[in-house]
Amino acid sequence: MPVVQSRIRVPVPPEVAFAVSQTTGPVRRRWDVFIREQHFLDGATEAATDVRTFTRQRLGPSMVSRYVSYAPPRNVGMVMERGPWFFERLGAGWRFEADGEGTVATWKYSFTCRPRLLAPLAERIGRVLLGREIRARIAGFARGCEDPVVLAAIRSAEEG
């Protein structure tokens with residue numbers, strides 16, 4: 001199963017980095033270059049194991065994913081339940097490790113493509129495209145960790 005990942009150090013503690021990674025709606029769109037729309041499904045109002053989300057990327061394709069792990073402030077994992085036809089499987093995960101007064105954040109995708117006959121070529125292309133995407137998204141995440149609007153929204157959510 002192909003894997004792409006990107007790692008970055010951010011100047012906030014793991015609790016804040018984790019919270020930034022889990023923002024939704026307009027706050028998420030301030031930093032995540034991939035997202036056009038994202039919201040919880042099935043009446044959920046916050047992330048947790050087995051909660052499902054709908055995500056539409058800025059170029060149009062959408063997916064429904066489910067949290068398979070949710071362990072603040074250390075890690076979170078999701079799997080695609082429905083999405084672009086060419087993915088047989090897609091999973092994503094975050095890991096956060098304290099590093100002095102900051103945090104090292106790692107974002108990882110694992111995937112397989114279909115149809116099986118074309119999978120070797122599709123997966124090579126996928127490594128390149130998803131690798132480029134994850135690097136852009138984690139750079140945006142780092143900007144979000146320093147964005148006063150994003151940080152204020154996190155503080156407000158913690159207080160409310």
Side-chain angles (χ1 to χ4, degrees), residues 1-24 27-41 44 46-59 61-100 102-114 116 118-147 150 154:
M1 180 177 294
V3 173
V4 294
Q5 73 175 16
S6 191
R7 180 175 290 145
I8 199 161
R9 186 183 185 285
V10 292
V12 296
E15 298 79 16
V16 174
F18 185 95
V20 170
S21 79
Q22 298 306 299
T23 54
T24 59
V27 174
R28 177 69 174 238
R29 288 192 305 273
R30 285 188 64 86
W31 66 262
D32 193 338
V33 298
F34 176 81
I35 300 291
R36 180 170 25 141
E37 176 187 356
Q38 184 178 54
H39 58 268
F40 296 114
L41 298 173
E46 61 185 30
T49 301
D50 288 327
V51 166
R52 295 178 340 128
T53 62
F54 172 84
T55 303
R56 183 174 312 281
Q57 68 166 260
R58 64 183 166 80
L59 299 177
S62 63
M63 76 172 56
V64 172
S65 54
R66 180 177 48 84
Y67 283 90
V68 292
S69 67
Y70 189 80
R74 299 186 60 207
N75 62 65
V76 62
M78 300 180 81
V79 295
M80 179 186 75
E81 290 190 336
R82 188 180 74 235
W85 67 269
F86 47 84
F87 285 123
E88 182 175 333
R89 289 188 199 95
L90 175 67
W94 284 94
R95 187 176 64 247
F96 303 92
E97 299 172 21
D99 182 37
T103 302
V104 173
T106 304
W107 199 349
K108 178 169 63 171
Y109 297 146
S110 58
F111 65 99
T112 57
C113 293
R114 59 180 164 207
R116 288 307 316 151
L118 299 177
L121 175 60
E123 290 169 357
R124 280 196 297 275
I125 294 167
R127 277 189 198 98
V128 172
L129 296 177
L130 289 176
R132 185 178 311 141
E133 175 187 298
I134 204 167
R135 287 188 299 275
R137 290 182 82 186
I138 207 164
F141 161 78
R143 288 188 299 276
C145 286
E146 298 188 69
D147 182 330
V150 173
I154 289 167

CA sep, side-chain torsions, deciding dist, call: V3, K108, side-chain contact (heavy atoms from CB on, under 4.5 Å): CA-CA 7 Å; V3 173; K108 178 169 63 171; 3.4 Å; yes

Salt bridge (charged side-chain N to carboxylate O under 4.0 Å, His left out) assessment of E123 paired with R116: CA-CA 10 Å; E123 290 169 357; R116 288 307 316 151; 3.7 Å; yes

Residues T112, F87; criterion side-chain contact (heavy atoms from CB on, under 4.5 Å); working and verdict: CA-CA 6 Å; T112 57; F87 285 123; over 6 Å; no

Pair M1-R89, side-chain contact (heavy atoms from CB on, under 4.5 Å): steps then yes or no: CA-CA 9 Å; M1 180 177 294; R89 289 188 199 95; 4.1 Å; yes

Test log, rule side-chain hydrogen bond (donor to acceptor under 3.5 Å, both in side chains), inputs S21 and W107: CA-CA 10 Å; S21 79; W107 199 349; over 6 Å; no

CA sep, side-chain torsions, deciding dist, call: F96, N75, side-chain contact (heavy atoms from CB on, under 4.5 Å): CA-CA 6 Å; F96 303 92; N75 62 65; 5.7 Å; no

F141/W94 under ring pair (Phe, Tyr, Trp, His ring centres under 6.0 Å): CA gap, chis, key distance, verdict: CA-CA 12 Å; F141 161 78; W94 284 94; 4.7 Å; yes

Salt bridge (charged side-chain N to carboxylate O under 4.0 Å, His left out) between E97 and R95, worked out: CA-CA 7 Å; E97 299 172 21; R95 187 176 64 247; 2.8 Å; yes

Working for side-chain hydrogen bond (donor to acceptor under 3.5 Å, both in side chains), residues R7 and T106: CA-CA 4 Å; R7 180 175 290 145; T106 304; 2.9 Å; yes

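Put simply, the side chain of Q5 does not reach to within 4.5 Å of the side chain of I138, judged on heavy atoms. You'll find the side chain of V68 stays beyond 4.5 Å of the side chain of T49, heavy atoms only. Looking at heavy atoms from C-beta onward, E81 lies in side-chain contact with R52 at the 4.5 angstrom threshold. V76 places a side-chain heavy atom less than 4.5 Å from the side chain of Q22.
Partners of Q57 under the side-chain contact (heavy atoms from CB on, under 4.5 Å) rule, at least two apart in sequence or in another chain, are F34, L59, P61. Not counting sequence neighbours, the partners of R56 by the salt bridge (Lys or Arg N to Asp or Glu O under 4.0 Å) test are E37. By the ring-ring contact (aromatic ring centres under 6.0 Å, His included) test, F86 is found to be paired with no residue, residues two or more places apart in sequence or in another chain being considered.
What you find for I8 and A139 is that their closest heavy atoms are CD1-CA, 4.4 Å. Listed here is the closest heavy atom pair of I134 and S6: CG2-CB, 4.0 Å. In plain terms, the two heavy atoms of G144 and W31 that are nearest each other are CA-CB, 3.7 Å. Between R9 and G102, the closest heavy-atom pair is NH2-N, 3.2 Å. The shortest heavy-atom contact between C145 and V12 is O-CG1, 3.4 Å. G83 and M80 make their closest contact through CA-SD, 3.6 Å (heavy atoms, listed as atom of the first residue, atom of the second, distance).
Looking only at distances, no side-chain donor or acceptor of R137 sits under 3.5 Å from a matching main-chain atom of E133. Side chain of R66 to main chain of T53: no donor-acceptor pair is present (N/O by atom type, distance under 3.5 Å, no hydrogens or angles). Under a 3.5 Å cut-off, the side chain of R28 and the backbone N or O of T23 do form a donor-acceptor pair.
Distance CD1/I154 to CD/E15: 11.5 Å, rounded to 0.5 Å. The CE atom of M78 sits 10.0 Å away from atom OG of S69, with the distance rounded to the nearest 0.5 Å. The structure places OG1 of T55 at 9.0 Å from CG of D32, a figure rounded to the nearest 0.5 Å. Here the OH atom belonging to Y67 is positioned 10.0 Å from the CD atom belonging to E46, to the nearest 0.5 angstrom. To the nearest 0.5 angstrom, S62 atom OG is 9.5 Å from R36 atom CZ. With values rounded to the nearest 0.5 angstrom, F54 atom CZ is found 10.0 Å from Q38 atom CD.
Counting non-hydrogen atoms of other residues, nucleotides and ligands closer than 6.0 Å to CZ of R74 gives a total of 12 or fewer.
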